[in-house]
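For the single chain, residues carry numbers from 1 onward in sequence order.
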Amino acid sequence: MPLSQDDHTKYKALYLQTAREYIKELQDNTSVLIVTPENISALESVHRAAHSLATQSTIMEYNQIGAVSAVMEKLFKQSMVGKTLFTREILQSLLDTAQTMSQDLEAIDKDNKENDLSQDATKLQTLVLT
């Protein structure tokens with residue numbers, strides 16, 4: 001059920017605050033994984049942050065950032081169960097995407113609209129095993 005306009009306005013600032021925290025967590029721990037890809041704690045942290053960001057974004061109807069976060073969540077989950085091995089290139093792509101998501105949050109904050117992240121979602125989707 002979509003949020004009412006009043007609820008959307010009421011929760012937007014909280015969403016932006018927590019979304020920024022999740023993206024920082026994604027960036028920080030993806031940077032850790034670039035150096036030590038076997039770091040389970042960092043992997044669990046990025047998976048949790050991507051999951052939380054995907055869920056919150058979808059509830060707030062920020063579907064672009066929600067979709068990209070959901071794809072990231074799948075990638076991190078696949079790595080946790082051994083189906084995806086992260087190369088430096090994949091991790092850098094994830095880090096670049098987190099930066100793009102951060103810019104999207106700024107657009108939401110300033111202009112109250114999302115950027116088009118479909119190319120980012122498509123690029124990451126090619127990395128997800130089906």
Side-chain angles (χ1 to χ4, degrees):
M1 182 161 124
L3 290 176
S4 70
Q5 187 60 39
D6 286 343
D7 283 344
H8 193 272
T9 301
K10 182 172 149 181
Y11 294 115
K12 180 182 172 187
L14 178 60
Y15 165 78
L16 289 169
Q17 175 188 342
T18 58
R20 286 179 177 121
E21 291 169 6
Y22 290 133
I23 289 175
K24 178 158 179 26
E25 190 172 344
L26 284 168
Q27 292 170 320
D28 291 350
N29 285 291
T30 301
S31 294
V32 168
L33 290 169
I34 287 173
V35 177
T36 54
E38 69 281 354
N39 187 315
I40 299 301
S41 177
L43 185 57
E44 290 171 345
S45 181
V46 291
H47 177 258
R48 188 175 39 254
H51 170 77
S52 298
L53 185 58
T55 302
Q56 287 185 359
S57 298
T58 301
I59 289 169
M60 288 295 292
E61 299 177 359
Y62 295 123
N63 296 319
Q64 296 284 323
I65 202 164
V68 172
S69 300
V71 174
M72 285 181 139
E73 177 187 4
K74 287 178 186 176
L75 277 167
F76 293 129
K77 180 67 173 182
Q78 287 180 348
S79 182
M80 290 171 66
V81 298
K83 291 185 178 178
T84 299
L85 296 176
F86 286 139
T87 64
R88 187 173 186 81
E89 180 184 346
I90 291 171
L91 289 167
Q92 187 59 54
S93 181
L94 289 164
L95 198 55
D96 294 344
T97 300
Q99 179 60 37
T100 302
M101 292 163 62
S102 182
Q103 293 166 353
D104 191 39
L105 290 178
E106 294 309 312
I108 291 169
D109 192 15
K110 289 183 173 60
D111 304 325
N112 207 32
K113 69 176 199 162
E114 284 191 276
N115 295 324
D116 181 4
L117 302 179
S118 60
Q119 287 183 338
D120 297 279
T122 300
K123 181 178 178 182
L124 292 180
Q125 188 64 41
T126 63
L127 303 174
V128 176
L129 295 175
T130 53

Got a donor-acceptor contact below 3.5 angstrom from the [X] side chain to the [Y] backbone?
| X | Y | value |
| --- | --- | --- |
| Gln64 | Leu117 | yes |
| Ser79 | Leu75 | no |
| Asp111 | Lys113 | no |
| Asp104 | Asn115 | yes |
| Thr87 | Ile90 | yes |
| Thr55 | Ser52 | no |
| His47 | Met80 | no |

Practice problem: Please name all residues satisfying ring pair (Phe, Tyr, Trp, His ring centres under 6.0 Å) with Phe76, sequence neighbours left out, ordered by chain then number. | Solution: Phe86
Between [Y] and [X], is there a side-chain heavy-atom distance shorter than 4.5 Å?
| X | Y | result |
| --- | --- | --- |
| Leu94 | Thr97 | no |
| Asp109 | Arg20 | yes |
| Arg48 | Ser45 | yes |
| Tyr62 | Leu105 | no |
| Leu14 | Thr18 | yes |

Can you tell me if [X] has over 12 outside heavy atoms packed within less than 6.0 Å of its [atom1]?
| X | atom1 | value |
| --- | --- | --- |
| Glu89 | CD | no |
| Lys12 | NZ | yes |
| Gln119 | CD | no |

So how far is it from [X] [atom1] to [Y] [atom2], rounded to the nearest 0.5 Å?
| X | Y | atom1 | atom2 | answer |
| --- | --- | --- | --- | --- |
| Ser102 | Ile23 | OG | CD1 | 5.5 Å |
| Leu33 | Gln92 | CG | CD | 12.5 Å |
| Leu3 | Thr9 | CG | OG1 | 10.0 Å |
| Thr30 | Asp96 | OG1 | CG | 10.5 Å |

Exercise. Apply side-chain contact (heavy atoms from CB on, under 4.5 Å) to the pair Leu53 and Met101, showing each step before the final yes or no.
Key: CA-CA 10 Å; Leu53 185 58; Met101 292 163 62; 3.2 Å; yes
Could you tell me which non-hydrogen atom of [X] sits nearest to which non-hydrogen atom of [Y], and how far apart they are?
| X | Y | answer |
| --- | --- | --- |
| Gln27 | Ala98 | CG-CB, 3.7 Å |
| Glu73 | His51 | OE2-ND1, 2.7 Å |
| Ala70 | Ala54 | N-CB, 3.6 Å |
| Gly66 | Thr58 | CA-OG1, 4.2 Å |
| Ala50 | Met72 | CB-CB, 4.1 Å |
| Ile65 | Glu114 | N-OE2, 2.9 Å |

Practice problem: Assess the side chains of Tyr15 and Ser57: does a donor N or O sit below 3.5 Å from an acceptor N or O? | Solution: yes
Quiz item: Any side-chain donor paired with an acceptor under 3.5 Å for Glu25 and Asn29?
Solution: no
Exercise. Please determine if Lys10 and Asp6 form a salt bridge, counting it only when a charged side-chain N lies under 4.0 Å from a carboxylate O.
Key: no
Quiz prompt | ILVMFWY cluster, Val32 and Val46 together (side-chain gap under 4.5 Å) | solution = no
